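Worksheet: the structure to be examined is printed underneath.
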Amino acid sequence: MTTTPARLTVLAGPTAVGKGTVSADVRSRYPEVWLSVSATTRPPRPGEVDGVHYLFVSVDEFDRMVERGDLLEWAVVHGRNRYGTPRRPVEERLADGKPALLEIDLQGARQVRDSMPDAHFVFLAPPSFAELERRLVGRGTEDAEERERRLSTARVELAAAEEFDQVIVNDDVQRATDELVRGMGIPTR
Ligand code: 5GP
């Protein structure tokens with residue numbers, strides 16, 4: 001019997017492309033896939049649960065995590081809040097031979113590429129920029145200024161697709177999820 005070492009998969013992509021929706025679909029249809037819970041200094045949105053969607057921490061707590069080297073990667077996203085991946089749970093998961101998935105921004109993905117080049121890097125792309133803009137407006141969770149900030153980040157980020165091992169177009173959430181988990185060696189159903 002051959003065993004393939006468990007691999008880390010990193011899902012990145014521009015804002016509002018639907019990374020969160022794809023992660024939620026992974027969570028509900030493929031509970032065997034372990035998803036990293038990021039720490040963030042951003043306040044929770046309605047319905048978000050501490051320890052499930054994010055670890056909501058203060059700026060001081062985040063500073064301490066950085067100082068202690070607790071984060072595998074971290075970044076200031078959209079020029080505002082900080083987000084980072086706690087290192088230990090990811091390492092433990094991989095040591096147990098189980099696949100792990102990170103859903104992070106492009107800067108974070110680049111840091112992971114430097115420290116863990118064997119990871120599998122997946123770029124989630126929108127069908128078009130117009131569609132991305134439509135989704136960002138439709139979500140209605142950001143004000144106009146924040147939306148413009150996120151769109152300008154997205155414009156730069158779209159050009160980064162070529163740095164990735166795999167590009168998945170998010171034209172249909174379930175199809176995109178299935179393509180993602182198949183790339184992790186998990187049979188789809
Ligand atoms: P939101 O505030 O909409 O939940 O997330 C904003 C952005 O932060 C998304 O692009 C998401 O991928 C990114 N993000 C979430 N967690 C992490 C993390 O641990 N590290 C990095 N670098 N980005 C993250």
Side-chain angles (χ1 to χ4, degrees), residues 8-27 33-59 61-66 68-91 93 100-116 119 121-126 129 132-133 135-143 145-161 163-164 167-168 170 173 176-177 180:
L8 179 63
T9 298
V10 178
L11 178 68
T15 182
V17 73
K19 296 191 296 285
T21 316
V22 169
S23 314
D25 192 34
V26 170
R27 245 192 221 111
V33 175
W34 181 83
L35 255 165
S36 163
V37 180
S38 299
T40 182
T41 58
R42 132 163 122 56
R45 294 191 188 121
E48 285 183 333
V49 178
D50 187 37
V52 176
H53 300 97
Y54 282 105
L55 300 167
F56 295 100
V57 301
S58 66
V59 169
E61 278 173 273
F62 200 99
D63 279 343
R64 280 196 292 277
M65 292 173 105
V66 172
R68 287 195 300 252
D70 287 351
L71 300 177
L72 183 62
E73 59 73 37
W74 70 271
V76 177
V77 181
H78 307 303
R80 190 161 278 190
N81 294 300
R82 286 189 287 167
Y83 297 79
T85 304
R87 180 192 302 277
R88 257 256 294 282
V90 175
E91 289 178 349
R93 190 72 197 173
L101 178 63
L102 308 186
E103 184 253 285
I104 58 178
D105 89 318
L106 186 62
Q107 309 166 73
R110 286 179 175 136
Q111 291 174 43
V112 178
R113 193 176 54 205
D114 289 341
S115 60
M116 301 175 90
F121 293 89
V122 179
F123 188 88
L124 193 66
F129 191 79
L132 187 69
E133 200 164 2
R135 287 181 193 176
L136 193 53
V137 173
R139 191 159 76 175
T141 47
E142 292 84 20
D143 61 23
E145 189 192 334
E146 178 65 14
R147 231 165 27 228
E148 202 34 63
R149 188 201 310 277
R150 288 179 177 225
L151 274 177
S152 71
T153 308
R155 264 180 217 106
V156 176
E157 288 188 342
L158 271 179
E163 298 170 25
F164 284 71
V167 175
I168 297 178
N170 189 18
V173 173
T177 301
L180 175 68

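All values derive from a computational prediction rather than experimental measurement. Counting starts at 1 for both ligands and their atoms, following the listed order.
Scanning all protein heavy atoms for the shortest distance to atom 20 (N) of ligand 1 gives Glu73 OE2, 2.8 Å. The shortest contact between atom 15 (C) of ligand 1 and any protein heavy atom is with Tyr54 OH, 3.4 Å. Shortest contact from atom 6 (C) of ligand 1 to any protein heavy atom: Tyr83 OH, 3.6 Å. Atom 10 (O) of ligand 1 has Lys19 NZ, 3.1 Å as its closest protein atom, hydrogens excluded (heavy atom only). Of the protein's non-hydrogen atoms, Ser38 OG, 3.0 Å is the one closest to atom 16 (N) of ligand 1. Ranking protein heavy atoms by distance to atom 13 (C) of ligand 1, first place goes to Asp105 N, 3.9 Å.
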Does the salt bridge (Lys or Arg N to Asp or Glu O under 4.0 Å) test come out yes or no for Arg42 and Glu48, once each step is laid out?
-> CA-CA 11 Å; Arg42 132 163 122 56; Glu48 285 183 333; 2.9 Å; yes
Under the salt bridge (Lys or Arg N to Asp or Glu O under 4.0 Å) criterion, do Arg149 and Glu146 qualify, and how do the steps go?
-> CA-CA 5 Å; Arg149 188 201 310 277; Glu146 178 65 14; 2.9 Å; yes
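Under the 3.5 Å distance criterion, the side-chain polar atoms of Lys19 are matched with a main-chain donor or acceptor of Gly13. A side-chain donor-acceptor contact under 3.5 Å links Gln107 to the backbone of Val76. Using modelled atom types, no side-chain atom of Thr41 and backbone atom of Asn81 make a donor-acceptor pair closer than 3.5 Å. Side chain of Gln111 to main chain of Leu72: no donor-acceptor pair is present (N/O by atom type, distance under 3.5 Å, no hydrogens or angles). Using modelled atom types, one side-chain atom of Thr40 and one backbone atom of Arg82 make a donor-acceptor pair closer than 3.5 Å. Remark: side-chain polar atoms of Arg135 are paired, donor with acceptor, to backbone N or O of Val17 under 3.5 angstrom.
For Gln107, no heavy-atom contact with ligand 1 is shorter than 4.0 Å. Contact annotation: for Val77 versus ligand 1, heavy atoms closer than 4.0 Å belong to the side chain alone.
On a distance-only criterion, Gly84 and ligand 1 share at least one N/O pair closer than 3.5 Å.
Near Ala75, the atoms of ligand 1 lying under 4.0 angstrom from a non-hydrogen atom of the residue are 22 (N). Against a heavy-atom cut-off of under 4.0 Å, Gly108 is close to the following atoms of ligand 1: 22 (N). Close approach of ligand 1 to Arg150 is summarised as follows: ligand atoms under 4.0 Å from at least one heavy atom of the residue are 2 (O), 3 (O). Atom numbering of ligand 1 starts at 1 in the shown order; those under 4.0 Å from a heavy atom of Arg42 are 1 (P), 2 (O), 4 (O).
Taken to the nearest 0.5 Å, the CD1 atom of Ile104 stands 5.0 Å off from the OG1 atom of Thr85.
Relative to atom 12 (O) of ligand 1, the option among Glu103, Arg45, Glu48 with the closest non-hydrogen atom is Glu103.
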